[in-house]
Amino acid sequence: MNNIKSRFAPSPTGYMHIGNLRTALYSYLIAKSQGGSFMLRIEDTDQNRYVEGAMDVIYRTLKICGLEYDEGPDKDLGNGPYIQSQRKDLYVKYAKKLVELGHAYYCFCSKERLDNLRAELEGKGLPYEYDGCCKKLTPEEIQAKLDAGEPYVIRQIMPREGVSEYEDAVYGHISINNNTLEEQILLKSDGLPTYNFANVIDDHLMGVTHVVRGNEYITSTPKYNLLYEAFGWEAPCYIHLPHITKEGGKKLSKRDGDASFEDFYSKGYLTEAIINYVALLGWSPGGEREIFSLKELEEVFSIKGINNSPAVFDITKFRWMNSEYIKMMKPEDFHAAALPYYEKALTRKVDLVRVSSLLQSRVEVLSEIPDYIDFLENTLEYDVSMYVHKKMKTTVEGSLETLTGLIPVLESITDWQEDIIHQTLMGHVAQLGVKNGVVLWPLRTALSGKMSTPGGATEIAYILGKDETINRVTTAIEFIKSQI
RNA sequence: GCCCUCAUGGUCAAGCGGUCAAGACAUCGCCCUCUCACGGCGGUAACAAGGGUUCGAUUCCCUUUGGGGGUACCA
């Protein structure tokens with residue numbers, strides 16, 4: 001293991017956004033592809049956002065996805081604690097040190113004063129900016145306020161002139177005017193740090209060399225670099241990632257059920273497919289291959305392949321990829337995965353293994369299994385016109401005749417096995433001297449009431465069993481008669 | 001408003017000064033076929049616009065347009 005170290009530093013919001021999952025994945029892959037280590041840190045410095053059980057979601061998701069971290073809250077390698085709220089004193093210490101170094105100052109402005117200031121400036125059509133009021137305080141005044149126990153924050157001092165520049169691994173050269181840099185709050189009045197401060201302190205103290213995060217931090221990165229400089233620390237390598245959106249540039253939303261890992265997971269998307277698809281959203285291996293396991297991604301991943309333009313999450317292609325993974329499953333694994341869905345949709349005792357073999361090449365997402373097999377449970381309602389099929393050369397009247405003639409044929413089958421049913425039906429077709437469809441289409445329709453089914457007439461007849469098959473054909477005959 | 005950033009088919013995406021501009025999903029057609037699917041074959045479809053630089057721009061620069069982000073005691 002070399003000295004490359006990346007981290008995933010989510011704040012516990014209660015669910016794993018798909019964009020966050022990708023950030024975690026890329027961070028993991030950047031480290032693993034270079035023999036480095038991967039760390040998990042929890043950024044819970046905003047107490048107002050505390051969500052019960054949120055950390056478990058993070059642990060669980062990473063575990064299910066196979067993104068194993070070398071170091072984290074439950075794996076202390078000596079850099080802990082890895083939960084920011086437990087590192088409070090550390091930030092206070094460094095914030096005060098920064099004041100001593102002349103790169104930060106105490107600010108006693110109340111929330112109210114700031115709100116008023118903001119309202120006033122906005123009223124004049126000016127952009128808000130802290131007016132530096134507390135910067136003018138003398139050391140004596142500051143000490144007096146401190147002694148009096150006045151609440152305070154600590155703000156970072158920004159250069160007024162010049163430009164700050166840095167190299168981003170995916171966006172290249174970034175240059176930002178210093179006069180756009182705000183004298184941001186480093187330490188909040190509750191004694192906890194802001195993200196802007198905590199991430200710098202922690203990344204340095206924990207030895208993080210590669211910072212992977214969303215591109216919303218591109219413009220604030222110079223502020224972090226200034227912090228590194230002030231402390232005399234080396235800044236890490238920055239890898240900012242473009243965002244994932246949905247069609248039309250809209251945000252993936254929790255409400256629409258397309259935002260989080262668990263949304264997809266619960267719908268029956270396979271984790272391997274989720275990882276694979278998400279890996280390809282914003283990164284390209286360069287070749288034509290698209291199917292990669294996590295292990296394979298670890299081999300081929302490269303920062304060079306990361307794209308800098310935003311990507312649209314295409315559910316259609318995602319479904320296709322999931323179906324590819326379903327098709328790759330061992331039949332017994334697919335069957336095991338499908339079983340819970342059968343139990344929900346089916347009470348009739350049928351050859352479920354056969355059903356699985358029919359379904360595996362058709363199902364794209366596990367949760368749609370009930371829609372495929374609903375007709376096995378009960379006959380569906382349908383219109384007689386379904387018996388009219390141009391290509392099969394069938395008509396309603398013809399179907400009635402066909403089905404009526406089929407009853408004795410079906411009854412003659414004593415050993416209800418698929419190949420025997422098939423042979424018998426084909427023999428009947430040959431005897432009639434018609435096209436296969438003339439007999440099989442009406443039969444399939446009578447048995448299912450659906451335009452399309454997993455498997456044809458033979459397979460369905462086999463699955464339903466002799467009694468139910470004859471029963472359904474009889475019912476269909478009566479039905480057609482009643483409609484003519 | 002100001003600042004940053006992005007721009008190849010409907011979507012992902014290769015390309016990194018000279019290509020008939022890959023591939024995948026989707027879509028359309030054909031084949032296979034007891035429906036559908038799988039599989040196979042083929043088709044339609046793109047360099048946002050305008051200026052430069054250059055012998056030559058999808059590729060480099062500028063502007064415009066459009067998208068995204070930032071401008072919090074949120075991350």
Side-chain angles (χ1 to χ4, degrees), chain A residues 9-11 13 43-46 48-49 107 109-111 114 118 125-130 151-155 168 171-172 174-177 179-182 184-190 192-196 198-199 213-222 240 242-243 245-249 251 277 280-291 305 307-321 323 327 358-364 372 389 391-392 422 425-426 429 435-441 443-445 448 450-461:
Chain A
S11 48
T13 58
E43 311 223 327
D44 60 342
T45 55
D46 186 357
N48 299 324
R49 285 208 196 175
C107 170
C109 292
S110 67
K111 191 91 173 63
L114 262 21
R118 185 188 309 274
L126 294 170
Y128 168 77
E129 189 182 11
Y130 178 60
Y152 64 88
V153 302
I154 290 180
R155 287 182 184 270
D168 183 274
Y171 286 92
I174 303 286
S175 167
I176 288 171
N177 287 323
N179 61 19
T180 66
L181 270 25
E182 214 214 338
Q184 62 179 353
I185 289 170
L186 268 16
L187 198 69
K188 301 184 275 188
S189 56
D190 62 3
L192 283 167
T194 56
Y195 165 86
N196 303 312
N199 95 85
R213 54 159 64 131
N215 71 9
E216 66 269 28
Y217 296 106
I218 282 186
T219 45
S220 43
T221 295
H240 286 109
H243 281 131
T245 69
K246 58 180 156 193
E247 197 75 34
K251 283 184 182 167
Y277 181 67
L280 258 27
L281 264 189
W283 171 79
S284 167
E288 291 183 2
R289 179 137 81 113
E290 291 197 301
I291 303 296
N307 209 315
N308 61 359
S309 52
V312 172
F313 190 97
D314 183 2
I315 197 79
T316 305
K317 180 150 188 179
F318 182 32
R319 287 175 64 90
W320 165 79
M321 185 163 282
S323 77
K327 277 176 277 193
L358 253 15
L359 246 28
Q360 193 165 2
S361 70
R362 288 167 238 258
V363 168
E364 288 193 310
Y372 276 104
H389 195 293
K391 202 176 155 204
M392 296 298 123
H422 184 65
L425 287 174
M426 294 319 278
V429 164
K435 289 190 62 168
N436 295 347
V438 173
V439 171
L440 299 170
W441 176 265
L443 178 57
R444 212 196 101 266
T445 303
S448 68
K450 294 183 90 170
M451 286 302 287
S452 74
T453 49
T458 307
E459 290 85 350
I460 294 171

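Below, chain A is the first sequence line, B the second, and so on; all start at residue 1. The structure presented is a predicted model; accordingly, all values stated were derived computationally and were not measured.
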Applying a 3.5 Å limit to both distances, which nucleotide forms a Watson-Crick or G-U wobble pair with [N]?
| N | result |
| --- | --- |
| B:rA24 | B:rU11 |
| B:rG39 | B:rC31 |
| B:rU59 | none |
| B:rA72 | none |
| B:rC47 | none |

Which whole number of Å gives the distance between the [atom1] atom of [N] and that of [M]?
| N | M | atom1 | result |
| --- | --- | --- | --- |
| B:rA14 | B:rA7 | P | 10 Å |
| B:rA37 | B:rC31 | P | 14 Å |
| B:rU53 | B:rG69 | P | 37 Å |
| B:rG15 | B:rC28 | C1' | 28 Å |
| B:rC62 | B:rC6 | P | 11 Å |
| B:rA57 | B:rG40 | P | 41 Å |
| B:rU58 | B:rC73 | P | 47 Å |
| B:rC47 | B:rA22 | P | 13 Å |

- Query: Is the closest side-chain donor-acceptor distance between A:H243 and A:E216 under 3.5 Å?
  - Reply: yes

Between the base of [N] and the side chain of [X], is there a donor and acceptor pair under 3.5 angstrom?
| X | N | result |
| --- | --- | --- |
| A:T453 | B:rC36 | no |
| A:T180 | B:rC2 | no |
| A:Y217 | B:rA75 | yes |
| A:K317 | B:rA24 | yes |

With sugar-phosphate meaning primed atoms plus P, OP1 and OP2, does [X] contact a base, only sugar-phosphate, or nothing at under 4.0 Å between heavy atoms?
| X | value |
| --- | --- |
| A:K391 | base |
| A:N199 | nothing |
| A:V153 | base |
| A:T316 | sugar-phosphate |
| A:M321 | nothing |
| A:G125 | nothing |
| A:I185 | base |
| A:Q360 | nothing |
| A:K327 | sugar-phosphate |
| A:R49 | base |
| A:S175 | sugar-phosphate |
| A:S448 | nothing |
| A:A311 | sugar-phosphate |
| A:H422 | base |

Of the nucleotides [options], which has the atom closest to the [X] side chain?
| X | options | result |
| --- | --- | --- |
| A:R118 | B:rA72, B:rC74, B:rG69 | B:rA72 |
| A:D314 | B:rU11, B:rU5, B:rC34 | B:rU11 |
| A:S361 | B:rA75, B:rA37, B:rA13 | B:rA37 |
| A:N436 | B:rC12, B:rC34, B:rU35 | B:rC34 |
| A:K251 | B:rG69, B:rC73, B:rU35 | B:rG69 |
| A:Y128 | B:rU11, B:rC6, B:rC73 | B:rC73 |
| A:T194 | B:rC74, B:rA72, B:rG69 | B:rC74 |
| A:K188 | B:rC74, B:rC4, B:rU35 | B:rC74 |
| A:E459 | B:rG70, B:rA75, B:rC34 | B:rC34 |

Supply the atom-to-atom distance [X] [atom1] to [Y] [atom2], rounded to the nearest 0.5 angstrom.
| X | Y | atom1 | atom2 | answer |
| --- | --- | --- | --- | --- |
| A:H240 | A:N308 | NE2 | CG | 13.0 Å |
| A:T245 | A:F313 | OG1 | CZ | 11.0 Å |
| A:Y171 | A:S309 | OH | OG | 8.0 Å |
| A:E182 | A:S220 | CD | OG | 11.5 Å |

When you measure from the side-chain N and O atoms of [X] to the phosphate of [N], is any distance below 4.0 Å, counting only OP1 and OP2?
| X | N | answer |
| --- | --- | --- |
| A:N308 | B:rC6 | yes |
| A:N307 | B:rA14 | yes |
| A:T45 | B:rA75 | yes |
| A:K246 | B:rU11 | no |

TODO: Taking only Lys NZ, Arg NE, NH1 and NH2, and the carboxylate oxygens of Asp or Glu, determine whether A:D46 and A:R49 approach each other closer than 4.0 Å.
DONE: yes

Cationic N near anionic O, under 4.0 Å, A:E290 to A:K317:
yes

Practice item. State whether A:Y130 and A:R155 meet the cation-pi test: NZ (Lys) or CZ (Arg) under 6.0 Å from the six-membered ring centroid, and within 45° of the perpendicular axis. Key: yes

Side-chain donor/acceptor of A:K327 to backbone N/O of A:E364, under 3.5 Å
no

